[in-house]
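Chain letters run A, B, ... following the sequence lines, proteins first, then strands; residues in each count from 1.
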Number of protein chains: 2
Amino acid sequence: MRFSGTLGDLNVMPPKSGSPTDAAERVTIQDVAKAASVSVSSVSNYMNNRFHRLGTETRTRIATAIAELDFRPNQAARQLKTGKARVIALVVPSIVNPFNGQMVFSIEQAAVKAGYRVHLCNTMRDPKLEKEFLDNLAAIGVADLITIAPLNTRRGYYSAWSDLSIVAVDANRLDLKLARLDTVNLDHEAAIGMAVEHLFALGHRRIAYVTDPLITHSRVMRLSGFKKAMKDRELDDSQAVVLERHQSALDIADAQMVEVGRDAASDVAALSPRPTAIIAFNDMIALGLLATFRSAGIAVPKDMSIIGVDDAWISQLSFPALTTIRQPIEAMAAAAVESVLKPSAAPTSAGSDTIFLPELVIRDTCAKPQEEVATHIRKRRLE
Amino acid sequence: MRFSGTLGDLNVMPPKSGSPTDAAERVTIQDVAKAASVSVSSVSNYMNNRFHRLGTETRTRIATAIAELDFRPNQAARQLKTGKARVIALVVPSIVNPFNGQMVFSIEQAAVKAGYRVHLCNTMRDPKLEKEFLDNLAAIGVADLITIAPLNTRRGYYSAWSDLSIVAVDANRLDLKLARLDTVNLDHEAAIGMAVEHLFALGHRRIAYVTDPLITHSRVMRLSGFKKAMKDRELDDSQAVVLERHQSALDIADAQMVEVGRDAASDVAALSPRPTAIIAFNDMIALGLLATFRSAGIAVPKDMSIIGVDDAWISQLSFPALTTIRQPIEAMAAAAVESVLKPSAAPTSAGSDTIFLPELVIRDTCAKPQEEVATHIRKRRLE
DNA sequence: GCAATTTGGTAAAACGATACACTTAAAATC
DNA sequence: GATTTTAAGTGTATCGTTTTACCAAATTGC
């Protein structure tokens, strides 16, 4: 199934066993000090922006020496001394989930801007993998952790790493029960509220909600947001379908999310009276519903309106393109990075919660409910 | 647009200003040595599997001491001494591209298995970002680099980092012109060959090929594979559509790939005589084509068959589900990691090329060409 | 039984930065 | 003018490993 071959004759450079970039002599702070005729300490001060300890003359001398030698401080040495690495640990169930992928991407961009690098860990929600990763953080001097969508059953889980500065995206401090924790979240209830309002304005009255098991903060809050928004409009909120955890829940692709949608489709179609619209916990489930309805001959949006949450890039891709509620991913990523890097405030404080407002993105999967259904409902409401 | 609030009263743990996990005293190799009543050297030898230097007795003593103290060697110190970090640098245009996402995911998994961690860099194909990342690698002691789908115009680009062990996935050594380089590739020509054969066997004779600009090895090889496979069957290979680079080529989402497909759809529909089937460079483009055809009323697969390449998880999601050529992502990721970590062979060798065979995944976007078209073509061939 | 080797083990010098404790000269204060 | 303060800069111990060189005892060869 696989060939491996060594094509020795493709060597495009002459052998030159000599020394082109040979030993690649690393230039150290000592070399710089010598070149600038100053002490190592001064160079160190320069490197750490302690300019008040330096005269303008030495300062420029050091600057030119650094530039000439292309000096880059050895991070291992620096780290050994200071105990801190400029690295953010990033724990995520799986970047293959497109929303997580975008979030990780944006966090990496934000981290680089702040002069940090990112250590990635796809946990697949496997506690062993995650624990191992976290346990090794101290050994490599990492002090900052961002975790995305941790299980909400993890009470006190992160307490074991209390020396880390932790920020959780899509999580609730009460769930995690951690002494110090910052969180970054979408206003999930508002998000679903917007979805309900959009459908309501279109004329829908029988609205279902589909979610996979309530294992994260967002799942809990979106469901409760659904119930609130329905009650506010005096609508029946009983058509909330919470699915069993799918077999392949730990599969690589989060394609299982789509499976969830597939499974849900029949459940939803069986609801009586049949809803005219569905709100999905996220775009993946919405897409799964969409695909299944279409292959079952249920037209979207004519027979059924569908709306998702996230506005993962993938949702533009379906036909019809998915109407959804957008999370401001970049802003949330930036907030998470900023939050994890900011010097910890008063140690008495429990941390901050940053909440972002969602945005309705209207595409093509929502329409007015069909005549008959609409009149049917109108009749029922009049009775 | 955003609220931030400090909920100081949510502190769920008693203040306890004392010392719970307080100073978190890091346990060092010295502590272990003391506890086991042996020298530091012996512990070091133990940690580095140099068991031939140890008696069974000391060996167990050290083992228990390590377990008891939960000793984890300080990687910074180790690195400072050895100059090497157990980290693989991973350069990728963007993990948001689902295929890249899966590849990065699998590489991370393989790296962890080998005791390595992954430093991620989404370059967005921005040379500045990439250069900066690579330049800093030495400073953090990283010696191993995996780069995914680098531009094939980058002759000699990586020579500046000749002290790295470099593996390129989806790249050609001749393109990169690097002294020492291992590559991991799909057999791209075979992949397209399989696609052509599948369509040919279904009865298609007018087959188009759609690709975005030929900026990577795979893009070049798949196109050439298309031409070869068509010529082998004495078919017209002129219907290869190479699109201009799309405006948003550097967009976050690689959603532009879908745009490419969208743009291509009209070009393809305008081809005369109109092809009965299209092979897309990858699944993203195929999905773009699919979505566009369907909204234009061209039925897939009745009026037009479509086949992609990659079998990114996303391709199961479309309706109809996409027929495609699968890349064995996990195996390729494992090969890349193995390759980058293996002790470099004879320095005279130019490296190895590992090539993987693709696999046809039949779903629902390919069918026999329509009667009329089929007869029409049959007639033409008989003339 | 004595030299040569093997086995099991140790002491101490690095690795490259940081940070603490100092020094010295100039400036400011009284 | 004597004393204190500030500015600018340096020497060196230190972080926690690895590694080299070295040593003693046990084993082997002849």
Side-chain angles (χ1 to χ4, degrees), chain A residues 23-63 65-66 69-87 136-143, chain B residues 23-63 65-66 69-87 136-143:
Chain A
E25 306 284 348
R26 279 203 49 71
V27 21
T28 77
I29 199 174
Q30 327 251 4
D31 301 330
V32 177
K34 205 161 296 172
S37 323
V38 296
S39 73
V40 235
S41 315
S42 293
V43 180
S44 174
N45 283 329
Y46 181 92
M47 293 309 296
N48 292 284
N49 301 317
R50 282 186 282 271
F51 295 125
H52 57 281
R53 326 277 272 102
L54 302 176
T56 45
E57 151 95 35
T58 29
R59 192 159 148 182
T60 56
R61 282 230 301 282
I62 293 175
I66 287 176
L69 300 176
D70 190 26
F71 168 63
R72 290 157 197 285
N74 180 318
Q75 295 298 335
R78 166 179 283 192
Q79 193 179 128
L80 176 57
K81 199 53 183 132
T82 63
K84 306 224 158 289
R86 309 207 87 198
V87 171
N136 283 323
L137 254 31
I140 56 180
V142 175
Chain B
E25 306 284 348
R26 280 203 50 71
V27 19
T28 76
I29 199 173
Q30 326 249 8
D31 302 329
V32 177
K34 206 162 293 173
S37 323
V38 296
S39 73
V40 215
S41 318
S42 292
V43 181
S44 175
N45 282 329
Y46 181 92
M47 293 309 296
N48 293 283
N49 301 316
R50 281 185 284 271
F51 295 124
H52 56 280
R53 324 277 275 103
L54 302 176
T56 46
E57 151 93 36
T58 30
R59 191 159 148 182
T60 56
R61 281 230 301 281
I62 293 174
I66 287 176
L69 300 176
D70 189 27
F71 168 63
R72 290 158 198 284
N74 180 318
Q75 295 299 334
R78 168 178 280 191
Q79 195 180 128
L80 176 58
K81 202 52 187 138
T82 63
K84 307 221 160 290
R86 309 207 89 199
V87 170
N136 282 323
L137 254 31
I140 57 179
V142 174

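The main-chain N or O of B:Arg78 is found under 3.5 Å from a side-chain atom of B:Thr82 such that the two form a donor-acceptor pair. Not one N or O on the side chain of B:Asn48 forms a donor-acceptor pair closer than 3.5 Å with the backbone of B:Arg50. Under a 3.5 Å cut-off, the side chain of A:Arg72 and the backbone N or O of B:Ile140 do not form any donor-acceptor pair.
Residue A:Thr58 has its side chain nearest to D:dG9 when only D:dG16, C:dA17, D:dG9 are considered.
Within the 4.0 angstrom heavy-atom criterion, base atoms lie near B:Ser44. Within 4.0 Å (heavy atoms only), A:Arg59 reaches no atom of the nucleic acid at all. B:Phe71 comes within 4.0 angstrom of the backbone, heavy atoms only, and of no base.
Considering only heavy atoms from C-beta on, B:Ser42 comes within 4.5 Å of B:Leu54 through its side chain. Two residues are said to be in side-chain contact when any heavy atoms from C-beta on lie closer than 4.5 Å; A:Asp70 and A:Val27 fail this criterion. Annotation: side chain of B:Met47 is in contact with side chain of B:Ile66 (closest heavy-atom distance under 4.5 Å). Taking the side chain as every heavy atom from C-beta outward, B:Tyr46 and B:Val38 never approach each other to under 4.5 Å.
Between the CZ atom of B:Phe71 and the OG1 atom of B:Thr28 there is a distance of 7.0 Å, given to the nearest 0.5 Å. Annotation: the span from A:Ser39 atom OG to A:Lys34 atom NZ amounts to 13.0 Å, rounded to 0.5 Å. In this structure, CD on A:Glu57 lies 10.5 Å from CD1 on A:Ile62, to the nearest 0.5 angstrom.
Close to D:dT18, at under 4.0 Å from its OP1 or OP2, lies a side-chain N or O of B:Asn48. Proximity of A:Ser39 to the phosphate of D:dT10: a side-chain N or O atom is located under 4.0 Å from OP1 or OP2. Distances shorter than 4.0 Å separate none of the side-chain N or O atoms of B:Asn74 from OP1 or OP2 on D:dC15.
One atom, OH of A:Tyr46, and another, P of C:dA17, lie 15 Å apart when rounded to the nearest Å. Atom pair B:Gln30:CD and D:dC15:P shows a separation of 8 Å (rounding to whole Å applied). Taking atom CD of residue B:Gln75 and atom P of nucleotide D:dG16, one finds them 14 Å apart after rounding to whole Å. Rounded to whole Å, atom P of D:dC15 lies 21 Å from atom CD1 of A:Ile140. The CZ-P distance, from B:Arg50 to C:dT6, rounds to 20 Å in whole Å. Look at CZ on A:Arg61: it is 14 Å from C1' on D:dT10, rounded to the nearest Å. Rounded to whole angstrom, the span from the CG atom of B:Asn45 across to the P atom of D:dA21 amounts to 15 Å. Atom NZ in B:Lys34 sits about 12 Å away from atom P in C:dA11, given to the nearest Å.
Taking for each of B:Val38 and A:Pro73 the nucleotide of DNA chain C with the nearest heavy atom, the 5'-most of the two is the partner of B:Val38.
Of the residues in residues 79-87 of chain A, those lying under 4.0 Å from DNA chain C by heavy-atom distance are A:Leu80, A:Lys81, A:Thr82.
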Using a cutoff of under 3.5 Å, can you pull out all pairs of nitrogen or oxygen atoms linking the protein to nucleotides 20-28 of chain C, with atom names and distances?
none

